[in-house]
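Hydrogens, waters and symmetry mates play no part in the numbers below; they use all other heavy atoms, side chains included.
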Amino acid sequence: MGNAPSEHSDHAWHALTAQQALHAQHSSARGLDRDEAERRLQHHGANRLPPPQRRGPLLRLLYQFHNVLLYLMLVAALITALLGHWIDTSVILAAVLINVIIGFIQEGKAENALDAIRNLLSPHAMVLRGGERHEIDAERLVPGDIVLLVSGDKVPADLRLLDVKNLLVEEAALTGESVPVEKSTAHCNLDAVLGDRRCMAYSGTLVSSGQATGVVVATGAATELGRIGAMLQQVQALSTPLLRQIEQFSRWLAVIILILAFATFILGILWNGQNPGDMFMMVVALTAAAIPEGLPAIMTVILALGVQRMAGHSAIVRRLPAVETLGSVTVICSDKTGTLTRNEMTVQRVVSASRILDVSGVGYAPEGAFHDNGQLREPDAELLEIARAAQLCNDARLQQDEAGHWLLHGDPTEGALLTLALKSGLDIQALQAQLPRSDAIPFESEHRFMATLHHDHAGHGLIYLKGAPERVLEMCVSQRSAGGGSAPLDADYWRRQATDLAARGLRLLALASKPAAAEQRTLNFADVEAGLTLLALVGIIDPPREEAIAAVAECQRAGIRVKMITGDHAETARAIGAQLGIGVGLPALTGAELELLDERRLREVLPGVEVFARASPEHKLRLVQAMQDSGEVVAMTGDGVNDAPALKRADVGVAMGLKGTEAAKEAAEVVLADDNFATIAGAVREGRAIYDNLKKFILFALPTNGGQALIVIFAILFQVLLPLTPAQVLWINMVTSSTLGLALAFEPSERGLMNRAPRAPSEPLLSAFFVWRIAMVSVLIAGAGIALFLWELQLGSDLGSARTVAVNAVVMCEIFYLLNCRSLFGSVLSGEALLGNRAVLVTIALCLVLQALFTYAPPLQQLFGSVDMSPEQWLRVLLAGLALFCLAELEKWVVRRYRLHPQAV
């Protein structure tokens, strides 16, 4: 045992025989001696995953300020401070701090993903050292150690199996396989994917039954689990589309405002000969009027409300921007097991010698019926005998919890057989009492069947057997006929039926029986090698959720492509995909085929493939990256450790909350509390509504700021008295941003939301058309304020009265324009459209109360220079707002009539 072996991929351990693996590790069946184990521990290090490099708390806190939204808010705070508007400054800075604190907490949670993977490692291991058994800390395992596994153990390192007995290993977290994998010692092909390496047991997986001995071939970071952890650490999480759009929009807005301010400053000095100092302060006031200070805060409120609504529909959002990202996805890559399917094996078809029965109902709940060519069939003697075999040759147990859910204890395939027996009307407890078990041959991979011996109380013996169809056919000489008797075995018929069931993606089991002597109390292999009567073939599958079928169709109508990426076999994946409406008529791509494609070719074939099978963690990550490189916004769902890198890389990762691993949950932005794909479709709808509401707020806020800015520019350029004082500008901003604009966060989703195609990832937050609308409404608001201001002066009103009318005219225009903004393109000239959002009505009422106080309350009159208004003045103000409302509705009608915008309906 001189040289310590390398535990990296110098050897394809699954392609070596057991003895070759032992030799390559310089070990033996007696294990390592203590000194050699200590030497190797020094060489390879402890069997644990390395902790990730992390920023300290202070650096993480400071890093939260590196956000273009916060830069915009800080600039607004600086300008309002220069103007002496300390209340406004305090509000903006408070919003900044709230954003920073939320980001700090969320980033701390995100770093727990690698901790969750490390927690999957087993704390203890049973090893042979020097031929003696020792229980040691799993961290002290080294390559070359001989590890002993029994049912219930967590595999402590990557093992090449040397000896197995009835070994089944639950590998769903690594491979996505929906049922425990049967293990053997036979070596595999060199190119076998992870899920097909039957001679390997991987760190972090669970022994569901049986026992085994294996040699450690990899520990710590060199294990499959460690490799996934390293991938996860290297994956860079992307910025969300919304944040990218806001960043682009903010730069564009900042440039426009700076150009406008600079041009106004120069024109004021050169054209009007204004004092540079006075012009600077006026330009600062102009900038304060133009910047939508409420945008970042309102965006946070809109996203937070979306989080709350999604939580009510079982979608828990862990990172705020992910709420909107779901609404912009163009592709959803979904895991199969437990997300699109129930992760509950179900018998869907029973084939006997005389007929083929379809079995309705899904999952372990005994709810369903039997159909023959679409006709309902009540259980008869033939079906009841099949059900008895399914129930008695079975070690699983079903029980109902307090909430009425059926829970399985045992193998999922056996659980499906128990449910079949219950659907046929059998009383399981009565049957077990009537035919108690005398002996059994447990399932082993070498003989591929299980058999049980039973005796009734009259002394009659009966053997039931279930197993792989090709193996059971060899043991049968007859088949059960429709009348209850026996007929010679028609092997060709059964092989045709088996081929048909397999083509449907069903897992197959054959059920057989044989009479036994009354005095026989033990069961041996010789008793079942021949002479059995074949009862039936049963086809079992993890069925798709019915609600998932509807949700996939809804996503496809919304222009979102749904792709299924699974570690399961291609036949099963294609069959489930066809039932879900995914990949119908299209080829499936396996992980092995994927590895033969370069990046360019992969991007070319992706549009024509919707089902990916036998996919490893690298495959999933590569597929997500390839789709993103093709310009897609990708949502990835998953529940296993193997999904974690792809979940982190995707634009929005969606993990399963019930059956998902902690590693998957921590890598994801959204966690589904009900593990249901239908919840994703609902979240997409909510995300689209949130984006609509954000655009509605921007389309409301920018014209209100733009209108005020144009009023100031008009006064500067044409040397007229300012229609609005800086204090009055601040009042309007506070009233409209804090009350009116906030109401749009509560807007319900518009009709036809899920009939739209996803917006293009490159689409700016404001299209050229929306820029037109902002400019149009800004001019209308400014025009109303300036016109009524000049009209009042023309009528002989004093400056205070004219300014009060101008302020109320601007606010009234904004109140009416708020109603227009409730729909981006649809008409709001109906009772439902005008009154459908209670928040809008409340904020309008609040705004009117505030304007009444502004106009008539003496303290506010003294503070803002306002005066009382006459009924005639209020009528003119009301008509100005109504005129803007009608013009905005007319513009939307023209857009709808002539289809001037793709989303106009």
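Taking each heavy atom of Glu554 and Ala681 in turn, the nearest pair found is OE1-CB, 3.7 Å. The two residues Ile815 and Leu848 come nearest to each other via the heavy atoms CD1-CD2, 3.7 Å. Scanning both residues, Ala715 and Pro723, for their nearest heavy atoms gives CB-CD, 3.8 Å. Of all the heavy atoms in Gln728 and Phe864, the pair that sits closest is NE2-O, 3.0 Å. Taking each heavy atom of Thr843 and Leu740 in turn, the nearest pair found is O-CD2, 4.0 Å. Of all heavy-atom pairs spanning Ile711 and Gly785, the tightest one is CD1-CA, 4.4 Å.
Under a cutoff of 6.0 Å and an axis angle of 45°, Arg773 and Tyr817 do not form a cation-pi pair.
The closest side-chain heavy-atom distance from Leu788 to Val877 is below 4.5 Å. Using a 4.5 Å cut-off on side-chain heavy atoms (C-beta onward), Arg822 and Pro748 make contact. Side-chain contact between Ser749 and Arg688 is absent, with no heavy atoms from C-beta onward closer than 4.5 Å. In this structure the side chain of Glu814 reaches within 4.5 angstrom of the side chain of Ile732, judged on heavy atoms.
The line from CD of Glu792 to CZ of Arg803 is 14.0 Å long, rounded to the nearest 0.5 Å. The CG atom of Leu326 sits 8.0 Å away from the CD1 atom of Ile680 when rounded to the nearest 0.5 Å. Remark: Lys695 NZ to Leu824 CG distance equals 6.0 Å, nearest 0.5 Å. The CD atom of Glu686 sits 4.5 Å away from atom CZ of Arg309, with the distance rounded to the nearest 0.5 Å. Between Ile332 atom CD1 and Ile560 atom CD1 the span is 5.0 Å, to the nearest 0.5 Å. The line from CZ of Arg557 to CE of Met754 is 8.0 Å long, rounded to the nearest 0.5 Å.
Looking only at distances, no side-chain donor or acceptor of Thr679 sits under 3.5 Å from a matching main-chain atom of Ala315. Using modelled atom types, one side-chain atom of Asn693 and one backbone atom of Glu747 make a donor-acceptor pair closer than 3.5 Å.
More than 12 heavy atoms of other residues, nucleotides or ligands shown are found within 6.0 angstrom of CH2 on Trp874. Other residues, nucleotides and ligands place more than 12 heavy atoms under 6.0 Å from the OH atom of Tyr856.
Every residue two or more places apart in sequence or in another chain was checked for a ring pair (Phe, Tyr, Trp, His ring centres under 6.0 Å) with Phe885, and none qualifies. Judged as a side chain to side chain contact (heavy atoms under 4.5 Å, CB included), and not counting sequence neighbours, the contacts of Leu780 are Met776, Leu884, Leu887. Remark: Thr330 pairs with Glu632 by the side chain to side chain donor-acceptor pair (under 3.5 Å) rule, at least two apart or across chains.
Under a 4.0 Å N-O distance rule, the pair Lys892/Glu889 qualifies as a salt bridge.
Side-chain atoms of Thr804 and Gln873 form no donor-acceptor pair, as typed in the model, at a separation below 3.5 Å. A donor-acceptor pair shorter than 3.5 Å can be found between the side chains of Thr855 and Asn808. Residues Gln851 and Trp731 bring a donor and an acceptor atom of their side chains to less than 3.5 Å of each other.
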Notebook entry, point to check: Phe769 and Val895: side chain to side chain contact (heavy atoms under 4.5 Å, CB included), yes or no, with the steps?
Noted result: CA-CA 10 Å; Phe769 179 83; Val895 170; 3.1 Å; yes
Checklist line | Worked verdict on Glu547 versus Asn676 for side chain to side chain contact (heavy atoms under 4.5 Å, CB included) | finding: CA-CA 8 Å; Glu547 59 271 29; Asn676 191 342; 2.9 Å; yes
Margin query: Let's go through Leu699 and Asn820 carefully: what are the C-alpha distance in whole Å and the side-chain angles of both, what is the deciding distance for side chain to side chain contact (heavy atoms under 4.5 Å, CB included) to 0.1 Å, and is it a yes or a no?
Written below: CA-CA 10 Å; Leu699 285 177; Asn820 295 120; over 6 Å; no
Next item on the list: Show your working on side chain to side chain contact (heavy atoms under 4.5 Å, CB included) between Val329 and Asp651 and close with a plain yes or no.
Entry: CA-CA 8 Å; Val329 296; Asp651 294 282; 5.7 Å; no
